Amino acid sequence: MPLHNADIARVFEDIADLLELDDENPFRIRAYRNASRIIGDLQLDLAASIRRGEEPPKLPGIGEDLSEKIHEIVTTGHCALLDRLRKKTPAAITELLRIPNLGPKRVKALYRGLEVRTLEELYRAARDGRIRGLPGFGEKSELNILQSVEARLSKGRRFKLAVAAQYADAVADYLRKASGVGQVVVAGSLRRMRETVGDIDILATAEASSDVMSRFVGYEEVQEVLSRGDTRSSVRLASGIQVDLRVVPRESYGAALHYFTGSKAHNIAIRRLAQARGLKLNEYGVFRGQKRVSGETEESVFAAVGLPYVPPELREDRGEIEAARAGRLPRLVELGDLKGDLHCHSRWTDGHHSIREMALAAKARGLEYLAITDHSRRIAAVHGLDPSRLREQIDEIGRTEVAGITLLKGIEVDILEDGTLDLPDLLLAELDIVVAAVHSNFNLPRARQTERILRALDHPRVTMLAHPLGRLIDAREPYEVDMLKIIRRAAARGRFLELNAHPERLDLSDTHCRMAKDEGVLVAISSDAHSTQQFDNLRYGIGQGRRGGREKKDVLNALPLRELRRLLPGKRPDRGRETAAS
DNA sequence: GCCGTTTTCGGCCCGACTGTTTTCAGTCG
């Protein structure tokens, strides 16, 4: 079985867990965790590159020893250190570290004292009241463990971005009504627009007399108060999501927002920069000795360590600090940069609104063009368009005039198992936009799945590949493909990749988005709207695109229509929609 | 285990809250 970066990352993560249980040097443990994260985020396929005998690039945080271990893992499929650690400690025990409030010390105490190795054993020990007798544990800890294990066994832990955003916006609005409160902002991974978030982090500035904290724990959706302090509290809402509120004085706003936005790895890197300049950075400000030197705004925090402002979506310690220092930070695309949308559905298939209604909604959001791309006949369940219905739809699009927005004729055509398309070439040639999509045979072997998609990209009428990974977040794994090959074929053929903005998809991933940027492939940030409201999902696609380092010039549908047309396969620059309709 | 405009050795981000303690260790973000 071929090894992937994720497999190497997993080995290092396992080593870190086991070292932690072994009371090892915390900085050695951090080195493994760091390496795991770096390799997991890496775009280059390390294993493939090593098998080809290439010299892997020097990665920050990966020195001589870890490089050798990577080589060992790739060439032998094993890591001697991990094997040795596993002999010493039962491997399953590391899952106990994932239980909130259980760290290495307490996990070890549970193992030594009660021979607890698995979640199930932990659950039984808590239920039988055996944990409270251990030194350092009490009744309260036992009850917390019981509840945490139950919660863990019953449901997943991360929430989709769009879901978390709804809860977060509601809490933030509620907190803005508190007395003596200044700013209330959502921070954390939500502000960084990660595709899923583990909890909601909210930052508020307030006077000492403010009731914002008591108001927070009294929020009507609060099911449980997990901790409560003057400056920090955590609650769990009825929906199961955890919300943390941090309150700081106004002069600390920038430092606190930076600190509370993360990521953790980014924060550590920035604090080291501060340290190197003889400064101390915490959530209250930037200090030289006892004296605060900045911290009122995030810009001032970055300036104190000699950097320009780094947008939240880039703060993952994936090279943004080096880029900032070199003045190479991208000017990230913004929602307002979008001029059009190249993927949406109407009542002709599984959409809920007419073509005219969709056009009006898109125009209301400031878009200047919209491609109607209903499904093709293969998807019978949604009454996918066969050639004659598509021809009728083409006529209707041609007849539909909405002032201020240009409608483009399109299709989301199925890529069949052999890589051919679900509609005849002659008909596809009449369309402005052909979005090719995989909706079936998700389980083909990697090589065949890749070939299937490459063949579709070779088709002279295909504009772009829809939702390239085919995953549904938390519901369906991506299909196995060689994404680099696909990206390179798209580059060679002048095709594009979609970044599908639907919150269930957010497909491309941020790392593939970067990979495509490196290969010079534009993405189309598309709503895939099935109703008029769903154009609002574009904001999530923009977030993902920004995480992927996309600038306005890297986004197909940020181009004015005239320039877009110039890039379409098989279209001459001056060929307009009138020609296509005839 | 990594790393170097203090350093090839000796550092490695920093503070809040909880529970079990009698002054703090463990955990978290």
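Note on naming: letters A, B, ... go to the chains in the order of the sequence lines (proteins, then strands), and numbering restarts at 1 for each one. Owing to the predicted nature of the structure, the values given are computational and were not obtained by experimental measurement.
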Base, sugar-phosphate, or nothing for [X], non-hydrogen atoms under 4.0 angstrom?
{"X": "A/Ile29", "value": "nothing"}
{"X": "A/Pro104", "value": "sugar-phosphate"}
{"X": "A/Ile99", "value": "sugar-phosphate"}
{"X": "A/Arg106", "value": "sugar-phosphate"}
{"X": "A/Pro135", "value": "nothing"}
{"X": "A/Lys264", "value": "base"}
{"X": "A/Lys69", "value": "sugar-phosphate"}
{"X": "A/Leu66", "value": "sugar-phosphate"}
{"X": "A/Leu281", "value": "sugar-phosphate"}
{"X": "A/Tyr259", "value": "base"}
{"X": "A/Arg30", "value": "base"}
{"X": "A/Asn267", "value": "nothing"}
{"X": "A/Asn34", "value": "nothing"}

Assign each of A/Leu59 and A/Leu134 the nucleotide of DNA chain B bearing its closest heavy atom; nearer the 5' end lies the nucleotide of A/Leu59
Note: for A/Glu139 and A/Glu283 on DNA chain B, the residue whose nearest nucleotide lies more 5' is A/Glu283
Between A/Phe12 and the options A/Ile62, A/Ile73, A/Leu82, the side-chain contact (heavy atoms from CB on, under 4.5 Å) test singles out A/Ile73
Given the options A/Ile473, A/Asp474, A/Asp199, A/Ile241, A/Phe159 meets side-chain contact (heavy atoms from CB on, under 4.5 Å) only with A/Ile241
Using the [atom1] atoms only, state how far [M] lies from [N], rounded to an integer number of Å.
{"N": "B/dT6", "M": "B/dG11", "atom1": "P", "result": "16 Å"}
{"N": "B/dC12", "M": "B/dT20", "atom1": "C1'", "result": "30 Å"}
{"N": "B/dT22", "M": "B/dG26", "atom1": "P", "result": "13 Å"}
{"N": "B/dG10", "M": "B/dG15", "atom1": "P", "result": "25 Å"}
{"N": "B/dT21", "M": "B/dT27", "atom1": "C1'", "result": "16 Å"}
{"N": "B/dG29", "M": "B/dC13", "atom1": "C1'", "result": "12 Å"}

*In sequence, state the C-alpha distance, the side-chain angles, and the governing distance for A/Ser141 and A/Arg106, and then conclude on side-chain hydrogen bond (donor to acceptor under 3.5 Å, both in side chains).*
CA-CA 11 Å; A/Ser141 311; A/Arg106 306 180 90 203; 3.2 Å; yes
Residues [X] and [Y]: side-chain donor-acceptor under 3.5 angstrom:
{"X": "A/Glu150", "Y": "A/Tyr123", "result": "yes"}
{"X": "A/Arg158", "Y": "A/Thr196", "result": "yes"}
{"X": "A/Asp244", "Y": "A/Gln242", "result": "yes"}
{"X": "A/His266", "Y": "A/Glu316", "result": "no"}

Sorted by number, residues from residues 214-225 of chain A placing a heavy atom under 4.0 Å from DNA chain B are none
Any strand, both distances under 3.5 Å, Watson-Crick or G-U wobble: B/dT8 pairs with none
> Are there more than 12 heavy atoms of other residues, nucleotides or ligands under 6.0 Å from atom CD of A/Glu477?
Replying inline: no
- Message: Could you go through A/Asp65 and A/Lys69, starting from their C-alpha distance and side-chain angles, then the distance that decides it, and tell me whether this counts as salt bridge (Lys or Arg N to Asp or Glu O under 4.0 Å)?
- Response: CA-CA 6 Å; A/Asp65 184 277; A/Lys69 286 201 169 64; 2.7 Å; yes
5'-most to 3'-most nt of DNA chain B touching chain A (<4.0 Å, heavy-atom partner on protein side) reads B/dG1 to B/dG29
Taking the six-membered ring of A/Tyr284 as reference, does the cationic atom of A/Arg292 (NZ for Lys, CZ for Arg) lie under 6.0 Å from its centre and within 45° of its axis? no
- Query: Looking at A/Tyr309, does the NZ or CZ of A/Arg315 lie under 6.0 angstrom from its six-membered ring centre and within 45 degrees of the ring axis?
  - Reply: yes
